[in-house]
Protein chains: 2
Amino acid sequence: MKGCEHEALHDDLAERARQSMPDDESILSLAAAFKAISEPSRLKILFALRQGEMCVYHITRAVGSTQSAVSHQLRILREGHIIRARRDGQNIVYSLADAHVVAVLALACEHLNCAF
Amino acid sequence: MKGCEHEALHDDLAERARQSMPDDESILSLAAAFKAISEPSRLKILFALRQGEMCVYHITRAVGSTQSAVSHQLRILREGHIIRARRDGQNIVYSLADAHVVAVLALACEHLNCAF
DNA sequence: TTAGAATATGAATAAGTGTTCATATATTCT
DNA sequence: AGAATATATGAACACTTATTCATATTCTAA
């Protein structure tokens, strides 16, 4: 494999791309963030939280899953800085971390011609 | 588990969330799109393609992987409608599908306080 | 402080996924 | 047409991950 060498210009392009590549740590952080929102069960949680902050029980009802499964997923979303947790008495209330999350969801829906 | 029933208001919230939940097909499409951009190796390809369209050989060089691995990853990105393929003689030239991709990457970088 | 309720977590299992190796397909050149 | 090149693909293996079940933790109320 030698590539389209008739366009030596592209060798430069590849070299520039290699040099401007983010470091592994940044790539891993980005991957973790996207991975957090790339599972159907977690996406459902995010769509639920778009309606407003909710405790675990209500999230569980909104997405139609079990308490344990939701709790595990919430942890991943929390660690990916996609959602925030706040204690309110006996409950823990979750909400979307910031406007970026809503914006990314909106962009993706637009990208796929969804209606959300 | 009964939830924070002292705020009967949240029962309505959960119910509204349940009703406004996108259908499973939409959720799966979204998940597939995000999953496509949630792997370090594929993210590197996207960052490479931000420099401009490239053939497989140059992508391989830019990300420092093997031809086969890159080809498999390109398929996933293609099927997730993240990138476009176009034949140019003996080569296949890949490029980012649309501005949404760049925008999502930028938002995520902003979200994580990255510099890209 | 003890009982009860809401949420979190560890272990186990089942399903999904990335890479490698070998090979197939498609295109160009002679 | 045949050889050479660029890219794609199938199978296999290692690794990751989502869910379930049982249990732990953290808070409130009495």
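Computed from a predicted structure; not experimentally measured.
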Practice item. Tell whether B:S68 reaches the base of D:dT9 with its side chain through a donor-acceptor pair below 3.5 angstrom. Key: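 Such a pair is found, so the answer is yes.
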Practice item. Can you check whether any acceptor in the base of D:dT5 is under 3.5 Å from a donor in the side chain of B:Q90, or vice versa? Key: yes
Please state whether the phosphate of [N], meaning OP1 or OP2, lies under 4.0 angstrom from any side-chain nitrogen or oxygen of [X].
X	N	result
A:R87	D:dT26	no
B:Y94	D:dA6	no
B:N91	D:dT7	yes
A:K35	D:dT17	yes

Could you give the [atom1]-to-[atom2] distance, from [X] to [N], as a whole number of Å?
X	N	atom1	atom2	result
A:L28	D:dT16	CG	C1'	14 Å
A:H58	C:dT7	NE2	P	9 Å
A:Q73	C:dT7	CD	P	15 Å
B:E79	D:dT9	CD	P	8 Å
B:I27	D:dA18	CD1	P	15 Å
B:Q67	C:dG18	CD	P	17 Å
A:R86	C:dA6	CZ	P	17 Å
A:I83	C:dA8	CD1	C1'	13 Å

Check your understanding: Would you say the side-chain atoms of A:R50 pair up with the backbone N or O of A:G52, donor to acceptor, closer than 3.5 Å?
Key ->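 Absent.
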Revision key, fill the gap. Of D:dT20, D:dT7, D:dA8, the nucleotide closest to the side chain of B:C55 is D:dT7
Practice item. Measure from the side chain of A:I76, starting at C-beta and using heavy atoms only, and say which of C:dG18, D:dA18, D:dT7 lies closest. Key: D:dA18
Exercise for review: Quick one: look up who C:dT30 pairs with, Watson-Crick or G-U, both distances under 3.5 Å, and put none if it's unpaired.
Suggested key: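 In the structure as shown, C:dT30 has D:dA1 as its Watson-Crick or wobble partner.
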Point to revise | A:H72-C:dT9 aromatic stacking (under 5.5 Å, under 30°) | key: yes
Review point. Looking at B:R84 and B:E53, does any basic side-chain N land under 4.0 Å from a carboxylate oxygen?
Key: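 Salt bridge flag = no for B:E53 with B:R84.
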Check your understanding: Which part of the nucleic acid does B:S41 contact within heavy-atom distance under 4.0 Å: base, sugar-phosphate only, or nothing?
Key -> sugar-phosphate
Review point. Above 12 or not: heavy atoms from other molecules or residues under 6.0 Å from CD of A:Q19?
Key: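 Yes, the 6.0 Å shell around CD holds more than 12 heavy atoms from other groups.
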Check your understanding: Aromatic rings A:F34 and B:F34: how do their planes relate, parallel, tilted or perpendicular, breaks at 30° and 60°?
Key -> parallel
Study note, to complete from the structure: Output for pair (A:L28 CG, B:L43 CG), nearest 0.5 Å, gives 9.5 Å
Exercise for review: Report the residue (B:S71 or A:R42) whose heavy-atom-nearest nucleotide on DNA chain D is the more 5′ of the two.
Suggested key: B:S71
